[in-house]
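Before any comments, here is the structure.
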Amino acid sequence: MKVYQSNEIKNISLLGNSGSGKTTLVEAMLYESGVLKRRGTVEAGNTASDYFPVEQEYGYSVFSTVMHVEWLNKKLNIIDCPGSDDFVGGVITSLNVTDQALILLNTQYGVEVGTQNHFRYAEQLRKPVIFVANQLDTEKSDYDKLVEQLRDNFGPKVTLVQYPLNVGPDFNAVIDVLLMKMYRWKPEGGQPEILPIPESEMAKAKELHGMLVEAAAENDESLMEKFFDQGALTEDELRTGIRKGLITRDIFPVFCVCAGRSMGVRRLMEFLGNVVPFVDDMPKPVTTEGVEIAPDINGPTSLFVFKTSVEPHIGEVYYFKVMSGKVHEGDDLTNVSRNEGKERLSQIFCVAGQTRTKVEELVAGDIGATVKLKDTRTGNTLNAKDCTYQFPSIKYPEPKYRRAIKAVNEGEDEKLNAVLTRMHEEDPTWIVEQSKELRQTILYGQGEFHLRTLKWRVENNDKVQIEFLEPRIPYRETITRAARADYRHKKQSGGAGQFGEVHLIVEPYVEGEPMPETYKFNGQEFKVNARDVQEVNLEWGGKLVMVNSIVGGAIDARFMPAIMKGLMDRMEQGPLTGSYARDVRVIVYDGKMHPVDSNEISFRLAGRNAFADAFKQANPKVLEPVYDLDVMVPSDRMGDVMGDLQGRRAIIMGMSSEHGFEHLTAKVPLKELSNYSTALSSLSGGRASFSMKFASYELCPSDVQTALIKEFEAQDVDKE
């Protein structure tokens, strides 16, 4: 295979809502370019893209798939991304290593929530966008409505390059207003006839051509001057203007295809090869130190590993982008992300789904794959000797769905943990947490579909039967007023005994608020004088502050660390519900000790029990985690979604309209979001999307707190 240079390489993300036909379009591209000798279909489960068993089982894309085609002496690296928002990790990964987003639309359904989401991700990463109208040969296709929706949603930058004739089952032609030609296909598609535009379409074609020329000219001063002088641009000038407009995101061209019958695919690839920006046209990637790195083939060799997968009959495959220099088969590189470990690239490949073509060299800007690395992970940077570049890991959206996970057979827990760790490498939006607090393994993902897919793979590929459980909620406990208690621990059982007595005061801790000099309880005044203050920043948030106010040597200083351990015991298992406690100041002001029987364990137990007694008298409260919820919902489903949120104790923070969608922001307790992914999909017919992010801990309503305390007390009784 030819070694392509940086100015011959285009990197493209293929995006679109589920059902828009991405896998079919890629299949057509591979076939038209000669990579495939025979086209597969989604229905038959034999496409180059969806080749994992779970994808063939469910009939939808789960992983992004790296492809390449050679066209017009250019190399097009195309990453086919899943359409479902549950698998957004593939979209985010792809956009971070490509330079162009191709967003496919199903003309039966127009602009869908997936279209909105993918455009938003491309916008956040400043990637050019091309829209492609697909499935023009279906009964319910409505191209004019689609264009109207595109302009309503994405503004006047949406510019037609093509429009179809005979939309519906008779579709067989498009008018190309860049080349001012008509493309017409036989029923089987493939190579088109290129014909003059019919007289009946000439007026419309000229009008759209003028709009395209004007949009292209706006991106270059010299082109604008020529346009004003002559009112026209040459084909090459048009391409130059469009390319510059794509780079600055000032033009969003629209193309037409029927991927299922390979109509318009060749012309689309021609545009991608001739007009879309090259790797070295785009903004330069930046290292973790903020240094821009040009895709210079003469620079030091540096690779960024953006994806790993475990593939049938091969094992682990590592996909990388060459960020600088050249990489050759047999190169020894250093993993700067993992303790300078050494890796040898025994083989390097260009990839087209399951098809891997062995190559000897790849240059800056190109995308390839390798196998059999020892200690490399997704997001790592591999460098040649003396190169210090390190590229930041990709940032993914916060998880939206959580379940506790366990092996049905407890003896397989260790194997399950190894499988989950590997699967996180394949899809970083699967996140696994071994929660000491909740005493559960918590699996986080982007939705119910996302976790169900993981379950299928674990059970069918790794032969470990698993079950999902409702995850516990990480509540917190705190106090709202001051209280006092004392506790004597005394135990005598022959020989040396145990004795420790602790008197203490607890009060809410508020950052920056001074400690009072006196406290009054039941008419009795207690003066305190801080001899020593220890502040502990708790792992789970908040603080514990212990103040030593002992006078007269009532408790020896050597026992204070033991008292602190007793306090931490109870902070780690709060007296109300067993949840972590936070934001408490404890003043140890008195106590007693015995010259023989006092020891560390005695004061640890005395401190723990005195703290528990005082905590319960200090008007304790349970705090629950509250999340910021961000929902995009079609306007016609707004009422149902609002009603559902009210039933989830949501506080609506804001509402706005965005091109046929309503944007809702709310604060919702985590307990109420357990099944929100499934419920929202049901309420909106799969047309809504949401994101959620931890906001704060807030007081539980009294009825919720009472129920939690009763549940905890019942569990304690059961244990006894």
Side-chain angles (χ1 to χ4, degrees), residues 1-12 64-70 74-79 93-94 96-99 278-280 282 284-288 291-309 311 314-352 355-394 425:
M1 181 179 176
K2 173 185 171 181
V3 175
Y4 287 87
Q5 301 306 305
S6 300
N7 62 0
E8 298 173 318
I9 297 167
K10 314 283 185 88
N11 294 323
I12 300 155
S64 57
T65 307
V66 179
M67 308 284 187
H68 79 275
V69 300
E70 297 175 87
K74 310 290 192 310
K75 185 183 181 192
L76 308 180
N77 290 314
I78 301 165
I79 304 183
T93 298
S94 177
N96 270 271
V97 296
T98 59
D99 305 307
F278 291 99
V279 169
D280 53 3
M282 297 302 295
K284 300 175 182 63
V286 177
T287 67
T288 52
V291 179
E292 289 187 345
I293 304 300
D296 180 4
I297 62 172
N298 297 313
T301 299
S302 182
L303 315 182
F304 177 70
V305 178
F306 64 86
K307 170 181 162 70
T308 60
S309 67
E311 306 201 4
I314 295 177
E316 289 187 318
V317 179
Y318 303 84
Y319 295 86
F320 60 83
K321 182 177 183 181
V322 185
M323 309 301 282
S324 172
K326 304 175 183 178
V327 63
H328 305 87
E329 183 178 271
D331 278 357
D332 290 315
L333 302 177
T334 299
N335 188 331
V336 296
S337 306
R338 294 180 68 82
N339 303 317
E340 302 292 323
K342 303 297 181 184
E343 296 281 16
R344 168 161 287 193
L345 275 64
S346 57
Q347 297 173 303
I348 56 176
F349 305 95
C350 281
V351 182
T355 305
R356 294 167 189 85
T357 305
K358 199 172 172 184
V359 293
E360 294 184 359
E361 177 182 283
L362 293 172
V363 308
D366 211 344
I367 287 173
T370 189
V371 294
K372 298 180 182 177
L373 298 182
K374 294 182 298 183
D375 192 30
T376 292
R377 302 287 183 268
T378 303
N380 288 179
T381 303
L382 303 179
N383 290 339
K385 187 179 178 181
D386 299 328
C387 179
T388 59
Y389 301 158
Q390 183 172 351
F391 295 93
S393 295
I394 296 168
E425 288 296 319

Worksheet item: Under the 3.5 angstrom rule, does the side chain of Asn380 hit a backbone N or O of Arg377 as a donor-acceptor pair?
Response: yes
Response to the item:
So CZ of Phe320 and OG1 of Thr376: to nearest 0.5 Å the spacing works out to 11.5 Å
Worksheet item: When rounded to the nearest 0.5 angstrom, what distance separates CG in Leu382 from OG in Ser337?
Response: 7.5 Å
Response to the item:
Closest heavy-atom pair, Gly330 versus Arg344, reported as atoms and distance to 0.1 Å, is O-NE, 3.7 Å
Fill in: N/O donor-acceptor pair under 3.5 Å between Arg338 side chain and Asp375 backbone
yes
Discussion item. Tell me the closest heavy-atom pair linking Thr98 and Ile79, and the distance in Å.
Written reply: CG2-CD1, 3.9 Å
Response to the item:
Closest heavy-atom pair, Val351 versus His68, reported as atoms and distance to 0.1 Å, is O-ND1, 2.9 Å
Discussion item. So Glu316 and Ile314, do their side chains get closer than 4.5 Å, heavy atoms only?
Written reply: no
Practice prompt. Specify the closest pair of heavy atoms between Ala352 and Met67, including all atoms of both residues, with the distance to one decimal.
Written response: C-SD, 3.6 Å
Response to the item:
Value for OG (Ser324) from CG (Asn298), rounded to nearest 0.5 Å, stands at 9.0 Å
Response to the item:
dist Lys326:NZ -> Leu362:CG (nearest 0.5 Å) comes out at 11.5 Å
Worksheet item: Would you call Asn11 and Val279 a side-chain contact if the rule is heavy atoms closer than 4.5 Å?
Response: yes
Discussion item. For Tyr318, does the six-membered ring have the charged nitrogen or CZ of Lys307 within the cation-pi criterion, i.e. under 6.0 angstrom from the centroid and within 45° of the normal?
Written reply: no
Discussion item. Which heavy atom of Ser302 sits nearest to which heavy atom of Cys387, and what is that distance?
Written reply: CB-SG, 4.2 Å
Discussion item. With a 4.5 Å cut-off on side-chain heavy atoms, are Ser6 and Ile297 touching?
Written reply: yes
Item to complete: Without swapping roles, check the side chain of Asp366 against the backbone of Ile9 for a donor-acceptor pair under 3.5 Å.
Response: no
Item to complete: Could you label the plane-to-plane angle of the Phe304 and Phe391 rings as parallel, tilted or perpendicular, counting under 30° as parallel and over 60° as perpendicular?
Response: perpendicular
Worksheet item: Is there side-chain contact between Glu343 and Lys374, with at least one heavy-atom pair below 4.5 Å?
Response: yes
Fill in: Separation of Asp332 CG from Lys385 NZ (nearest 0.5 Å)
11.0 Å
Item to complete: To the nearest 0.5 angstrom, please state how far the CD1 atom of Ile293 sits from the CD atom of Gln390.
Response: 12.0 Å
Worksheet entry | Test applied, side chain to side chain donor-acceptor pair (under 3.5 Å); reference residue, Tyr4; option that passes from Glu70, Glu361, Lys75, Lys74 | Glu70
Worksheet item: Which atoms form the tightest heavy-atom contact between Glu329 and Ser346, and what is the distance?
Response: CG-O, 3.1 Å
Worksheet item: Thr378 side chain to Phe306 main-chain N or O, any donor-acceptor pair under 3.5 Å?
Response: no
Worksheet item: Considering only heavy atoms from C-beta outward, does the side chain of Leu303 approach that of Leu345 to under 4.5 Å?
Response: yes
